[in-house]
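Shown next, in structure tokens, is the structure this report addresses.
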Amino acid sequence: MKIFRQFFIICLGISLIIGIVSNLFYPANISTSLIVIAICLIIGFCLPNFKHWANSLSQTTALKICYSIMGLIFIIQIIVLTFFPATVYHDPFRVLHEAELLSRNRPDWDNSTYFWRYSNNVSLTFFLSLWLKLTNIFHLSTNISLHLLALITVDSFIFLSFKSCQRFSKHSAKMLAIAAFFLFSPFAYTYYLQVYYTDLPILVILLLIFKLLADWPQKRSSQFINAVILFGLVVCGQLIKPNLIILAVAGLFLAFSLLLQQKKQSLKKLIVPLAVIGLAFAAAFPASSAVNAVSGFKANNRYSFPLTHWVWMSYNPHDYGMYNTSDVEKMISLPSKTTRQKYLAKALPERLNSLGVSGILRQWVEKAAVSLNVSTLQVAYTGGFIQVPKFYSKWQLPIHILSQAIMRSSFIWLYLIGLSRCLVQLKYRSKLDPIRELAIILAVGYIGFYTLIWEAESRYGQVLLPLLLIINTLPGCEFRITWKKSLTAKLGAIVLCNLVILSNLISWHTATNQIIAAQRSQLSSQYHAKTSWLLPGKSVSQKIIFNHAINKFSVAVPQKANLTGELINDRTQQRYLLTSSGSYSGNIAAGSYHIFLRNHELQSQPIEIIQTVNYRLAPAAVKINSQTTNFGSLIYKGIYKSESI
């Protein structure tokens with residue numbers, strides 16, 4: 001029985017060690033690693049005094065401070081959405097594009113092959129379309145609708161984190177530490193705020209599920225209400241993110257563990273909600289078919305990928321188990337799902353054999369390191385700012401580096417505290433609270449899934465955040481962190497760490513691409529998106545403003561298109577001729593410009609224009625022969641490549 005419990009604790013501890021090392025040293029850059037280490041040390045030096053101050057406050061006072069911080073976070077979020085909107089691309093945009101059409105009762109599932117390949121995103125598209133239908137009643141643009149939804153979801157997660165900490169812990173320091181994390185890290189201001197996708201809803205759902213389990217009532221009438229809520233949460237969660245089914249497996253392991261520990265009372269309390277969770281997962285399969293039917297979606301096996309594709313791709317040694325373009329292209333080249341299954345039945349064992357035992361173990365470590373690393377999370381699925389504000393352009397790079405370092409440092413401490421909990425549990429062998437035990441088992445289940453079976457991505461490891469919040473805040477034995485130094489020594493160390501941060505920001509020397517203006521949302525030719533055509537003698541133009549000088553510009557032009565393009569300065573009329581692929585390399589001053597693409601041929605030419613229903617992609621809409629196409633845009637980006645700052 002002890003071995004069973006200790007197995008999960010050890011697995012979680014090893015994973016957290018990998019996460020700590022990964023966030024310290026990846027990406028491999030001495031300057032950023034020094035900044036991360038310095039911030040970690042500053043947190044460590046401040047922690048004892050912060051803890052003493054925070055725990056002297058009453059929970060009511062601490063909660064008032066947390067709500068005030070939430071208000072400040074909300075103000076910053078509004079500023080970010082107003083002045084720093086990001087261009088969203090890849091999967092979230094394809095989901096949004098179809099959700100817009102579905103909300104207007106104009107589904108067009110075959111506008112590309114994307115949903116035939118990734119049908120798991122049909123449910124998210126359906127739920128998003130319901131939200132857009134609601135906001136359409138009030139004549140809100142899709143941009144505002146998405147901003148509202150993102151604000152509601154992000155701030156709900158922050159609020160639930162506070163309430164969960166208040167429920168599980170009697171220490172105000174933990175609640176205020178969580179508040180500080182959300183205020184100072186880019187968590188609440190970047191990916192989760194700018195992009196609406198599957199990750200954040202699952203974080204909210206997991207916190208709600210654990211809160212329901214922890215507060216499961218004794219009265220049958222209350223149990224029924226909670227059971228209905230729990231059932232709905234699990235069904236929706238499974239539809240949005242199918243790997244939530246790991247929770248069902250974790251529930252079975254928990255029930256088995258409680259039986260071994262002879263905790264009859266704990267098992268009796270949890271048997272009903274665990275049974276509800278099991279029924280909800282069983283109901284999710286017919287619910288998925290119902291969503292497909294209501295949405296008018298029909299699967300097409302000619303384009304769908306077998307599940308073994310992701311296993312095979314995750315063991316590609318060239319990309320640390322992440323998404324691999326060549327593997328995807330190989331699948332696309334095969335004519336049907338059956339053909340792909342036959343190919344993978346041979347290719348997967350061959351890849352595993354070529355890796356060998358040592359190669360597979362190395363791949364596991366690398367995949368865990370990728371999943372638990374947060375260095376790329378803030379820019380996930382965003383192609384840069386739509387238009388960098390003038391006052392911010394000079395500070396864009398150092399702020400990005402610093403915010404990334406704060407995010408990495410925050411998660412290092414989150415992992416360190418979780419690791420300390422694992423070590424204490426192993427040392428004292430005290431009995432685990434059933435809720436914490438379930439959180440540990442589920443955390444190991446998710447890590448195991450992305451390490452052993454699935455592809456790895458930084459955002460996948462974020463599912464550990466609500467679980468670690470629960471593991472770290474539940475009462476129990478914990479290591480005491482004390483720095484036996486005088487106040488003068490601590491202040492001196494903090495000043496030294498700040499000097500390290502400042503000097504490394506100033507001496508940053510790695511060549512970096514700063515996106516000054518961009519519109520990168522597209523359905524992609526990779527998914528055989530429907531082609532737009534430009535008639536003979538016609539032209540397309542779009543206004544673009546660069547608030548900072550750039551030295552590289554590109555606009556998407558189909559490979560087989562025979563178009564001429566140029567970028568024209570509105571004030572000086574200086575012309576920059578674009579290559580046949582739509583690019584220009586050279587210095588371009590800040591200012592207002594127009595992109596022009598012309599068809600001088602006698603035949604229509606393909607052209608990359610993305611059209612939405614009510615979602616503004618760029619500050620100015622595209623014009624075809626001086627006629628504005630509302631909510632239409634070219635796909636472009638202007639970059640300033642710097643060697644130093």
Side-chain angles (χ1 to χ4, degrees), residues 59 63 66 127 152-170 174-175 178 198-258 263-284 287 432-446 462-476:
Q59 280 229 334
L63 205 56
C66 287
F127 289 137
I152 291 168
T153 317
V154 174
D155 293 342
S156 294
F157 181 74
I158 295 172
F159 175 76
L160 283 169
S161 298
F162 293 155
K163 298 302 289 183
S164 298
C165 187
Q166 185 188 29
R167 161 65 178 82
F168 295 134
S169 175
K170 301 298 181 184
K174 292 178 181 177
M175 193 156 52
I178 292 170
T198 57
D199 302 298
L200 188 58
I202 289 300
L203 302 190
V204 175
I205 286 169
L206 280 173
L207 265 186
L208 284 170
I209 288 172
F210 273 90
K211 197 169 186 313
L212 284 170
L213 291 175
D215 296 328
W216 197 256
Q218 296 297 320
K219 291 183 180 179
R220 289 197 173 183
S221 57
S222 300
Q223 280 187 358
F224 177 76
I225 295 169
N226 281 26
V228 171
I229 296 170
L230 180 61
F231 184 88
L233 283 171
V234 174
V235 170
C236 290
Q238 177 65 12
L239 291 176
I240 291 170
K241 196 87 167 176
N243 63 20
L244 184 66
I245 202 167
I246 296 169
L247 176 63
V249 180
L252 289 174
F253 274 116
L254 176 66
F256 180 64
S257 176
L258 293 175
K263 290 185 175 181
K264 292 182 180 179
Q265 282 299 111
S266 297
L267 184 59
K268 187 178 179 181
K269 181 183 177 182
L270 291 175
I271 195 69
V272 172
L274 290 177
V276 171
I277 288 171
L279 288 171
F281 280 114
L432 278 169
D433 179 283
I435 300 301
R436 177 180 281 158
E437 189 168 357
L438 179 61
I440 290 172
I441 294 169
L442 184 55
V444 172
Y446 271 115
Q462 286 291 288
V463 74
L464 260 67
L465 179 57
L467 303 178
L468 286 173
L469 287 176
I470 292 161
I471 292 167
N472 294 349
T473 55
L474 275 166

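When a residue number appears, it is its place in the shown sequence, counting from 1.
In terms of heavy-atom proximity, Ala439 sits nearest to Ile470 at CB-CG2, 4.2 Å. When all heavy atoms of Met175 and Cys165 are compared, the closest pair comes out as N-SG, 3.4 Å. In this structure, Ala280 and Val235 approach most closely via the heavy-atom pair O-CG2, 3.5 Å. Taking every heavy atom of both residues into account, Pro217 and Asn226 meet most closely at CD-ND2, 3.3 Å. Nearest heavy atoms, Gln238 versus Ile245: OE1-N, 3.1 Å. Closest of all the heavy-atom pairs between Leu274 and Ala255 is CD1-CB, 4.4 Å.
Between Phe210 and Leu438, some side-chain heavy-atom pair lies under the 4.5 Å cut-off. Contact check for Pro466 versus Phe157: side-chain heavy atoms found under the 4.5 Å cut-off. With contacts defined as side-chain heavy-atom distances shorter than 4.5 Å, the pair Lys174/Asn472 does not qualify. Inter-residue side-chain proximity for Ser161 and Leu207 is flagged as met; some heavy-atom pair is nearer than 4.5 Å. Residues Leu212 and Leu233 form a side-chain contact, since some pair of their non-hydrogen atoms from C-beta on lies under 4.5 Å apart. Annotation: side chain of Leu244 is not in contact with side chain of Leu239 (no heavy-atom distance under 4.5 Å). Proximity of Leu203 to Leu200: side-chain heavy atoms (C-beta onward) are separated by under 4.5 Å at one or more points. Within the 4.5 Å cutoff, the side chain of Leu442 has no heavy atoms near those of the Val463 side chain.
Once rounded to the nearest 0.5 Å, the distance linking CG of Leu160 with CG of Leu208 reads 5.0 Å. Between Ile271 atom CD1 and Leu258 atom CG the span is 9.0 Å, to the nearest 0.5 Å. Taken to the nearest 0.5 Å, the CD1 atom of Ile209 stands 12.0 Å off from the CD1 atom of Ile229. Interatomic distance, CD1 of Ile440 versus CD1 of Ile435, reported as 12.0 Å (0.5 Å rounding). In this structure, the separation between CD1 on Ile277 and CG on Leu247 is 4.5 Å, given to the nearest 0.5 Å.
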*Working for side chain to side chain contact (heavy atoms under 4.5 Å, CB included), residues Tyr446 and Asn243*: CA-CA 8 Å; Tyr446 271 115; Asn243 63 20; 3.7 Å; yes

_From CA spacing to verdict: side chain to side chain contact (heavy atoms under 4.5 Å, CB included), Gln166, Leu63_ = CA-CA 8 Å; Gln166 185 188 29; Leu63 205 56; 3.4 Å; yes

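For Thr198, the side chain to side chain donor-acceptor pair (under 3.5 Å) partners two or more places apart in sequence, or in a different chain, are Lys241. Remark: Phe231 pairs with no residue by the ring-ring contact (aromatic ring centres under 6.0 Å, His included) rule, at least two apart or across chains. Annotation: side chain to side chain donor-acceptor pair (under 3.5 Å) contacts of Asp155 (sequence neighbours excluded): Gln77. Gln462 meets the side chain to side chain donor-acceptor pair (under 3.5 Å) test with Tyr192; sequence neighbours excluded. Contacts of Pro273 classified as side-chain contact (heavy atoms from CB on, under 4.5 Å), with partners at least two apart in sequence or in another chain: Leu213, Trp216, Leu230, Leu270. Applying the side chain to side chain donor-acceptor pair (under 3.5 Å) criterion to Lys269, with sequence neighbours excluded, gives no partner residue.
Open room surrounds CZ on Phe253; 12 or fewer heavy atoms of other groups in view lie less than 6.0 Å from it.
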